[in-house]
Amino acid sequence: GVLDANGVLRFSASTPTWEGADYSLRTYYLEAKELTSSENYIIRFIDSKQVGTSQAGMVLAVAMFAAQPDKNQPSPSGRFAGVTFCSIDLDYLVDKLVAPVKSTEGGHAFLIDDTSKLLWDADSSLFRKNLLTEAEGFPSYQQVVKRMTAGDTGTAEYSHYRFDYSTRQYSGDKEE
């Protein structure tokens, strides 16, 4: 979709009937309005229950700027002109990018948001639970989760319950 500088939806590829709706109070619009370059972007996890689909997803938003700089605006790119955005179904993202990852024989990937809430794990019983809470008693694992929510990357060794791929659940056995 495309929002104008006032946050009004001017184009929607998926729902043209929503064109003209006011999105000016959406977090991603307000944050994009503060950006000074279209090289930055905003990602927000969303829950689309309010539109009847009850699917989790994410919004990717990029600020747009007018081609001619406005000397009254701090942005070197010109005057804020709006936001272009898309929403991505979380299941699609997980199927394509997260689920296939298996870093070690016993390792697997999971997806969390910036509050440590589990958005996807091969063990679906943990869905939407706080991973820091679920990892109580495993301080090295909690450190990894804290690093992830802070946006850090890298590798680490940690102790946690062994994941059993045949049952798709964590066992009571600890492993490194």
Side-chain angles (χ1 to χ4, degrees), residues 1-101 109-121 126-135 141-156:
V2 177
L3 304 177
D4 67 15
N6 297 313
V8 175
L9 183 64
R10 294 298 174 198
F11 172 76
S12 173
S14 62
T15 320
T17 56
W18 291 0
E19 292 173 4
D22 184 354
Y23 282 63
S24 64
L25 297 178
R26 301 283 171 111
T27 304
Y28 60 87
Y29 168 79
L30 295 170
E31 290 179 12
K33 200 171 167 182
E34 299 299 317
L35 296 176
T36 58
S37 167
S38 58
E39 293 178 15
N40 298 307
Y41 54 89
I42 295 149
I43 296 176
R44 287 287 161 258
F45 288 102
I46 57 169
D47 195 341
S48 57
K49 286 180 190 168
Q50 65 271 17
V51 293
T53 62
S54 92
Q55 291 178 328
M58 60 186 272
V59 170
L60 174 62
V62 178
M64 298 183 302
F65 297 92
Q68 298 299 319
D70 181 341
K71 58 185 163 195
N72 296 324
Q73 296 294 324
S75 169
S77 303
R79 179 180 45 83
F80 175 75
V83 176
T84 183
F85 68 96
C86 67
S87 59
I88 301 169
D89 177 48
L90 194 57
D91 290 338
Y92 175 81
L93 180 70
V94 166
D95 289 344
K96 296 293 181 190
L97 301 175
V98 182
V101 174
F110 53 91
L111 184 65
I112 60 174
D113 68 9
D114 60 350
T115 65
S116 304
K117 183 171 64 174
L118 199 59
L119 301 174
W120 183 84
D121 190 304
L126 298 175
F127 184 60
R128 295 185 187 237
K129 292 184 179 176
N130 185 299
L131 199 52
L132 285 175
T133 304
E134 296 300 315
Y141 190 67
Q142 287 180 321
Q143 274 305 106
V144 170
V145 172
K146 288 176 184 175
R147 284 179 47 203
M148 290 172 63
T149 57
D152 291 345
T153 62
T155 60

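The residues of the chain are indexed from 1 along the displayed sequence.
Annotation: side chain of Ile112 is in contact with side chain of Val145 (closest heavy-atom distance under 4.5 Å). The side-chain heavy atoms of Tyr141 and Leu131, taken from C-beta on, include a pair separated by under 4.5 Å. Between Val144 and Met148, the closest side-chain pair of non-hydrogen atoms falls below 4.5 Å. Put simply, the side chain of Thr115 does not reach to within 4.5 Å of the side chain of Thr149, judged on heavy atoms. Between Tyr28 and Tyr23, some side-chain heavy-atom pair lies under the 4.5 Å cut-off.
No donor-acceptor pair closer than 3.5 Å links the side chain of Asn6 to the backbone N or O of Val8. The backbone N or O of Ala5 sits less than 3.5 Å from a side-chain atom of Tyr29, completing a donor-acceptor pair.
In plain terms, the two heavy atoms of Ala63 and Ala32 that are nearest each other are CB-O, 3.5 Å. Shortest non-hydrogen contact noted between Glu134 and Lys129 is OE2-CD, 3.5 Å.
Here the straight-line distance linking atom CG of Leu3 with atom NZ of Lys33 works out to 11.5 Å at 0.5 Å rounding. Distance check: Leu60 CG to Phe85 CZ gives 11.0 Å after rounding to the nearest 0.5 Å. In this structure, CZ on Phe80 lies 7.5 Å from CE on Met64, to the nearest 0.5 angstrom. Taking NZ of Lys146 as the start and OG of Ser116 as the end, the distance is 9.0 Å to the nearest 0.5 Å.
Residues meeting the salt bridge (Lys or Arg N to Asp or Glu O under 4.0 Å) test with Asp4, sequence neighbours left out: Arg10. A search for salt bridge (Lys or Arg N to Asp or Glu O under 4.0 Å) contacts involving Glu19 returns nothing, not counting sequence neighbours.
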Exercise for the section: Kindly indicate, with the supporting measurements, whether the criterion side chain to side chain contact (heavy atoms under 4.5 Å, CB included) is fulfilled by Leu132 and Gln142. Expected result: CA-CA 6 Å; Leu132 285 175; Gln142 287 180 321; 4.0 Å; yes

